[in-house]
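Take a look at the structure set out below.
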Amino acid sequence: MWRLPRAAVACEVCQSLVKHSSGIKGRLPLQKVHLVSRSIYHSRHPTLKLQRPHFRTSFQQFSSLTNLPLRKLKLSPVKYGYQPRRNFLPARLAARLLKLRYLILGSAVGGGYTAKKTFDQWKDMIPDLSDYKWIVPDIVWEIDEYIDLGHKLVSEVIGASDLLLLLGSSGETTFRATDHGSESDKHYRKGLLGELILLQQQIQEHEEEARRAAGQYSTSYAQQKRKVSDKEKIDQLQEELLHTQLKYQRILERLEKENKELRKLVLQKDDKGIHHRKLKKSLIDMYSEVLDVLSDYDASYNTQDHLPRVVVVGDQSAGKTSVLEMIAQARIFPRGSGEMMTRSPVKVTLSEGPHHVALFKDSSREFDLTKEEDLAALRHEIELRMRKNVKEGCTVSPETISLNVKGPGLQRMVLVDLPGVINTVTAGMAPDTKETIFSMSKAYMQNPNAIILCIQDGSVDAERSIVTDLVSQMDPHGRRTIFVLTKVDLAEKNVASPSRIQQIIEGKLFPMKALGYFAVVTGKGNSSESIEAIREYEEEFFQNSKLLKASMLKAHQVTTRNLSLAVSDCFWKMVRESVEQQADSFKATRFNLETEWKNNYPRLRELDRNELFEKAKNEILDEVISLSQVTPKHWEEILQQSLWERVSTHVIENIYLPAAQTMNSGTFNTTVDIKLKQWTDKQLPNKAVEVAWETLQEEFSRFMTEPKGKEHDDIFDKLKEAVKEESIKRHKWNDFAEDSLRVIQHNALEDRSISDKQQWDAAIYFMEEALQARLKDTETAIENMVGPDWKKRWLYWKNRTQEQCVHNETKNELEKMLKCNEEHPAYLASDEITTVRKNLESRGVEVDPSLIKDTWHQVYRRHFLKTALNHCNLCRRGFYYYQRHFVDSELECNDVVLFWRIQRMLAITANTLRQQLTNTEVRRLEKNVKEVLEDFAEDGEKKVKLLTGKRVQLAEDLKKVREIQEKLDAFIEALHQEK
């Protein structure tokens, strides 16, 4: 009889074996099932009719395929009716061989699964270099014969296989706020630096486990010896963990060094033409540009700058600069012993790059930070800029110095180094220095997204610190503050109780709360130490420090390397959380500004200060060019008129009047020639050049200030006036002009030959105009001296003063004397003065001899000018006698010839000056104007001073807001791409 239940059980076992086999999917054919299963009747396969002898077999309790325990089963023997039981050796051997096949198959599948799992673990532990992929050109990943980066990284990881057991798949943040943490802090970033943080977290967990193990035996006195042995194990474990961490850090440094050499090799090959590709602007550089624009922006709508940056604050000489230099990996700041060196904020932008260089925002010069001479030059330049920013009478300045530092392995972030907080104003400081530093520090820390890096000197008493109270006021909950204790090596030597340092690092000594606490060593106090020497000293100190061995300090809380990693992570976390909100606020500001412009200036373009300056520059240059289009006739007319106005007084008073007092024509001509020669040699050329220069200035000013109708924009008036004054100030007439003019003028005055009647009449007309102008001036002087006449006294109710009455009586007495002798000489004799004085005294008028002389000068002058005008009128018909050289004629017109000579000299001088103006001086003036405009274009303060007004400020704000928004949008887009 067939025993179907037992056959069913055997079938189920076979199916379970097939079902649990990894790598074999689906249902197997019957021919490939185990021999036991094929020898039993299956109801599902009715075609199988053969009956086989019964095998008695069993299955193992554990399977190599699943590692799971199986239920032990027993199969009952099966009896076959038509065939007797016998020993069939080949069949039994085949069955054993088939059983061995399952054992080999299970071992192979299990081994493959274990190998796959181990490979996945190794692959997860390989550092992720995706963060550094941007610097390597694409061809490097394709050319295998040049670079085998993967083999190097795998070999390094295999070399550090003793660390693999300490690394987990997830971890916690390196530092937490002392009051609470956030869920977002439970994930590390993947990559080369993330592995180090994971290792530090594992070290912290082992420390806690060791501490709990040690605490279990603290209550039992009987197990004191065992407690001591456990403490030794804990110390040994702590020391092993420190050695492991240092070993991993050395591996990390070696990988970074190889990465740096790799990038240099790639750049060298790139220069040789292997692959040409422009590197994209780094993310931190884009962010730094946004901060630079914001620092120059003065918002009218109270839009505050709330973008994150790392604000470094601390007491004076607390080690702020040293910490920054360790983060930047270069000694870039000026140093002093105990004195204030940081006198203005310094914004340092750290970014990755193939070479370790530094450059200022407003300069293209790169300082190689691997060379000591460049480092010294950089420190000197920073010191000069600080002193330049500090105004007279001040000690510190709020103006920011912007510095970019690039180098391999630098953490990307933006730091602002502020002047150290002081408690007392010392000699040489401004009285308000302390308040200025406090207000400056508060202004930076009030930014709700600013990360406060609080630096505390560990070598002095904590109670002497000022900055901790200031930081507590700005960030009372410690959500954006990182506390750094410097000079821990000195603190360990000087502090009697090491637990005090532990209290500081755990945040229990100060009321100030912080996001994280770090202890660093920044050298031995020698300013000539290199960064490498300081780093080695720091690692050696913490490796042997009792604070770390006694678990007073955690491994992740020491060294500037861990500090820079933590600050960088916190910085970028803050950036990602706040940058989009800032972009939205600037969009709203832009909308408000555009609306205001449309309402106030609907028909004007939005020209900012630079664009307005360019427009004014073009207008000024056009006006200078217009000077060359002035006609020669116009130049000569205004030059001749201006020159005569300048020299007419000298000609009348010093040449004509003295010569006219002579008795004959020979003496007249001799006197005139001598005086003209002296005048030409000494004064006339200089006067002519002055007149020409003033005429050029007047014409230039006329073109600059002349309204242009509807197109005239009064916003340029101040700029044009400043350009005109500066150009005139710089312009200097040609030195050789006077020498050439002297020769020309001397030759013109030597000529006495009047060729035609027209020139004669012109000379007479010129003489009459000159004499009439002088006569009019003389009449005015006499009227002011003697007072109003009887008509004005009656009509305008005016009276004479006592002095005017005396002058009037003297004038009347002198006029009587002139009527008696019309040919009286120009000067009074002494007896004539005495006679006039006695005649006036007889009428009761007391006079002084000097008063008589002054009155006589004006009276005689008027008499002479009237006589000369009468003579000039007679000379209108004297040209015929002039041609005959006044032979047999009583009419001598030598004064007409004199004025003709003067008139001809003026015409020739005006023509000569016009040629110099149009050929030389106008072009030189145009060159000066261009130089002035170029200087003004480079001087931002000058442009702000000369181009002012609501319209200019509104356009300037609108331009700045648009620029900030565009840069923020580009930065946000790049930030999303990096995610």
Side-chain angles (χ1 to χ4, degrees), residues 135 253 256-268 270-271 279 282 284-285 288 292 312 317 319-390 397 399-417 419-420 521-538 560-561 564:
I135 196 66
E253 291 175 358
E256 289 178 350
K257 184 177 180 181
E258 291 182 1
N259 192 16
K260 179 180 178 180
E261 294 175 355
L262 172 64
R263 277 179 284 199
K264 287 185 178 179
L265 178 64
V266 170
L267 292 176
Q268 291 174 358
D270 201 27
D271 294 336
L279 295 176
S282 65
I284 190 65
D285 290 338
S288 180
D292 289 336
V312 185
S317 303
K320 299 187 289 71
T321 301
S322 300
V323 172
L324 279 178
E325 288 178 339
M326 291 295 293
I327 295 176
Q329 299 181 13
R331 309 298 293 269
I332 59 178
F333 291 105
R335 310 187 69 82
S337 57
E339 59 178 332
M340 179 180 293
M341 298 302 298
T342 306
R343 297 181 178 271
S344 64
V346 181
K347 182 177 76 68
V348 182
T349 302
L350 301 180
S351 59
E352 271 202 311
H355 305 288
H356 204 185
V357 296
L359 66 158
F360 293 97
K361 179 187 72 172
D362 54 354
S363 175
S364 59
R365 178 186 177 184
E366 284 190 353
F367 297 88
D368 190 350
L369 301 183
T370 60
K371 299 179 180 178
E372 186 58 36
E373 55 269 19
D374 279 19
L375 280 171
L378 176 60
R379 292 192 290 265
H380 182 65
E381 180 67 20
I382 293 177
E383 186 174 0
L384 289 180
R385 288 174 178 254
M386 286 184 180
R387 297 188 181 276
K388 182 180 178 181
N389 290 342
V390 176
S397 170
E399 297 184 18
T400 304
I401 299 174
S402 183
L403 180 67
N404 292 341
V405 179
K406 301 177 182 292
L410 293 182
Q411 298 299 315
R412 302 177 301 168
M413 68 183 93
V414 177
L415 304 103
V416 181
D417 185 19
V521 175
T522 55
K524 302 178 182 179
N526 186 3
S527 59
S528 61
E529 285 183 294
S530 64
I531 295 296
E532 291 75 11
I534 296 175
R535 185 183 294 115
E536 291 177 359
Y537 172 72
E538 183 183 39
T560 51
R561 179 186 295 274
S564 61

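Keep in mind the model is a prediction, meaning the values are calculated, not measured. Excluded from the calculations below are hydrogen atoms, water molecules and symmetry mates; all remaining heavy atoms, backbone and side chain alike, are included.
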Non-hydrogen side-chain atoms of [X] and [Y] separated by less than 4.5 Å:
| X | Y | result |
| --- | --- | --- |
| Phe333 | Val348 | yes |
| Ile284 | Val414 | yes |
| Val390 | Ser344 | no |
| Arg365 | Phe360 | no |
| Leu410 | Val405 | yes |
| Phe367 | Leu375 | no |
| Met386 | Thr342 | yes |
| Thr321 | Asp417 | yes |

- Message: I'd like to know if the side chain of Glu538 reaches the main chain of Thr560, judged simply by a donor and an acceptor atom lying under 3.5 Å from each other, with no hydrogens or angles considered.
- Response: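 A pair under 3.5 Å: yes.
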Handout entry: Sequence-distant partners of Arg379, salt bridge (Lys or Arg N to Asp or Glu O under 4.0 Å), two or more places apart
Key =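 Salt bridge (Lys or Arg N to Asp or Glu O under 4.0 Å) check on Arg379 returns Glu372.
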Which residues share a salt bridge (Lys or Arg N to Asp or Glu O under 4.0 Å) with Glu325, sequence neighbours left out: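 Applying salt bridge (Lys or Arg N to Asp or Glu O under 4.0 Å) to Glu325 gives Arg331, Arg335.
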With sequence neighbours excluded, tell me which residues meet side chain to side chain contact (heavy atoms under 4.5 Å, CB included) with [X].
| X | value |
| --- | --- |
| Ala533 | Ser530 |
| Ser364 | none |
| Lys371 | Asp368, Glu373, Asp374 |

_Test side-chain contact (heavy atoms from CB on, under 4.5 Å) applied to Ile327 and Leu350, step by step_ = CA-CA 9 Å; Ile327 295 176; Leu350 301 180; 3.4 Å; yes
Inter-residue atom distance [X].[atom1] - [Y].[atom2], 0.5 Å rounding:
| X | Y | atom1 | atom2 | answer |
| --- | --- | --- | --- | --- |
| Thr522 | Arg535 | OG1 | CZ | 13.0 Å |
| Asn404 | Ser363 | CG | OG | 11.0 Å |
| Gln329 | Ile534 | CD | CD1 | 12.0 Å |
| Glu399 | Arg343 | CD | CZ | 15.0 Å |
| Arg561 | Met326 | CZ | CE | 9.0 Å |
| Glu366 | Lys406 | CD | NZ | 8.5 Å |

Does [X] have any side-chain hydrogen bond (donor to acceptor under 3.5 Å, both in side chains) partners at least two apart in sequence or in another chain, and if so, which?
| X | answer |
| --- | --- |
| Thr400 | Tyr444 |
| Ser288 | Lys347, Thr349 |
| Glu383 | Arg387 |

What are the two closest non-hydrogen atoms of Pro345 and Ser397, and how far apart are they?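 In terms of heavy atoms, the two residues are closest at CD-O, 3.1 Å.
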Q: Provide the closest heavy-atom pair for Pro408 versus His356 in the form atom of the first, atom of the second, distance.
A: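 The pair with the smallest heavy-atom distance is CD-N, 4.2 Å.
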Item checked: Asp362 bridged to Arg385 by N-O distance under 4.0 Å ->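 Looking at Arg385 together with Asp362, the answer is yes, because their closest N to O distance falls below 4.0 Å.
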